[in-house]
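Following: one structure in structure tokens, then a few remarks.
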Amino acid sequence: MEAADDGRRQLAADRLLLVEGRDEVGLFTKLIESCFEDKPNIQVIDDGGKTLFARNMATMRAAAQTRPILRCIGVVGDADDNARGAFDSVCHGILRAGYGPGTMADSPLPIHPLACS
């Protein structure tokens, strides 16, 4: 579990957890390691924060199409002073990358019932 520090995203696990920075990569990596006895196949990636999230989601989708091992993506981000705005920003990035209710049949990933709309 490590950060991808450039635009080339390589999938090393069938589950991704996208977080806002290197500190969060370390935190969630240690948390996952300490909470699960048999280490789950989760790759924790620094997604570049809210300014790069949408672009990086598109990169993840492209990587998932070339190496279809990806089963799910989780996203952790700060709400800062605007929880609704942060949520909407994540939803926008997800939809912009081509994930969402309209592409459910074509998506290599399952769409959660709380998909953004």
Side-chain angles (χ1 to χ4, degrees):
M1 291 178 255
E2 53 190 62
D5 49 14
D6 60 20
R8 298 168 301 165
R9 300 293 184 193
Q10 295 189 3
L11 302 181
D14 63 349
R15 297 176 196 115
L16 297 180
L17 180 60
L18 305 179
V19 298
E20 279 194 294
R22 291 175 192 248
D23 290 340
E24 288 82 359
V25 169
L27 170 69
F28 283 99
T29 297
K30 292 293 183 193
L31 187 62
I32 290 167
E33 289 171 354
S34 67
C35 289
F36 297 97
E37 251 179 62
D38 40 325
K39 298 177 182 172
N41 192 20
I42 300 173
Q43 182 178 4
V44 182
I45 295 179
D46 174 356
D47 71 12
K50 58 185 141 193
T51 57
L52 298 176
F53 176 75
R55 184 185 77 183
N56 288 338
M57 276 300 300
T59 303
M60 287 298 158
R61 181 163 176 93
Q65 290 172 338
T66 60
R67 188 165 176 234
I69 64 166
L70 191 59
R71 292 187 345 182
C72 63
I73 299 173
V75 179
V76 176
D78 295 335
D80 295 324
D81 295 329
N82 182 353
R84 183 65 201 184
F87 180 78
D88 289 345
S89 176
V90 169
C91 288
H92 174 74
I94 290 169
L95 292 171
R96 187 170 157 206
Y99 293 114
T103 61
M104 191 179 296
D106 300 326
S107 176
L109 298 178
I111 305 300
H112 190 278
L114 293 176
C116 307
S117 58

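Linking ILVMFWY residues whenever their side-chain heavy atoms come closer than 4.5 Å, directly or via other members, places Ile45 and Val75 in the same cluster. Grouping the Ile, Leu, Val, Met, Phe, Trp and Tyr side chains by contacts below 4.5 angstrom, directly or via other members, places Met57 with Leu11.
Put simply, CD1 on Ile73 and CZ on Arg61 are 9.0 Å apart, with the number rounded to the nearest 0.5 Å.
Between the side chains of Asp47 and Asn56, not a single donor N or O lies within less than 3.5 Å of an accepting N or O.
Of all non-hydrogen atoms in Ala12 and Asn41, the two that sit nearest each other are O-OD1, 3.8 Å. Minimum heavy-atom separation, Phe53 to Ile94: CE2-N, 4.1 Å.
Glu24 places no side-chain N or O within donor-acceptor distance of the main-chain N or O of Asp46, the cut-off being under 3.5 Å. Remark: side-chain polar atoms of Ser89 are not paired, donor with acceptor, to backbone N or O of Gly85 under 3.5 angstrom.
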Just do the side-chain contact (heavy atoms from CB on, under 4.5 Å) check on Leu17 and Gln43 with the steps written out, would you? CA-CA 6 Å; Leu17 180 60; Gln43 182 178 4; over 6 Å; no

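Applying the 6.0 Å contact sphere to CG of Asp81 captures no more than 12 heavy atoms from other residues, nucleotides or ligands.
Contacts of Asp88 classified as side-chain hydrogen bond (donor to acceptor under 3.5 Å, both in side chains), with partners at least two apart in sequence or in another chain: Arg84.
Between Ile42 and Leu16, every side-chain heavy-atom pair lies at or beyond the 4.5 Å cut-off. Residues Leu18 and Val76 form no side-chain contact, since every pair of their non-hydrogen atoms from C-beta on lies 4.5 Å or further apart.
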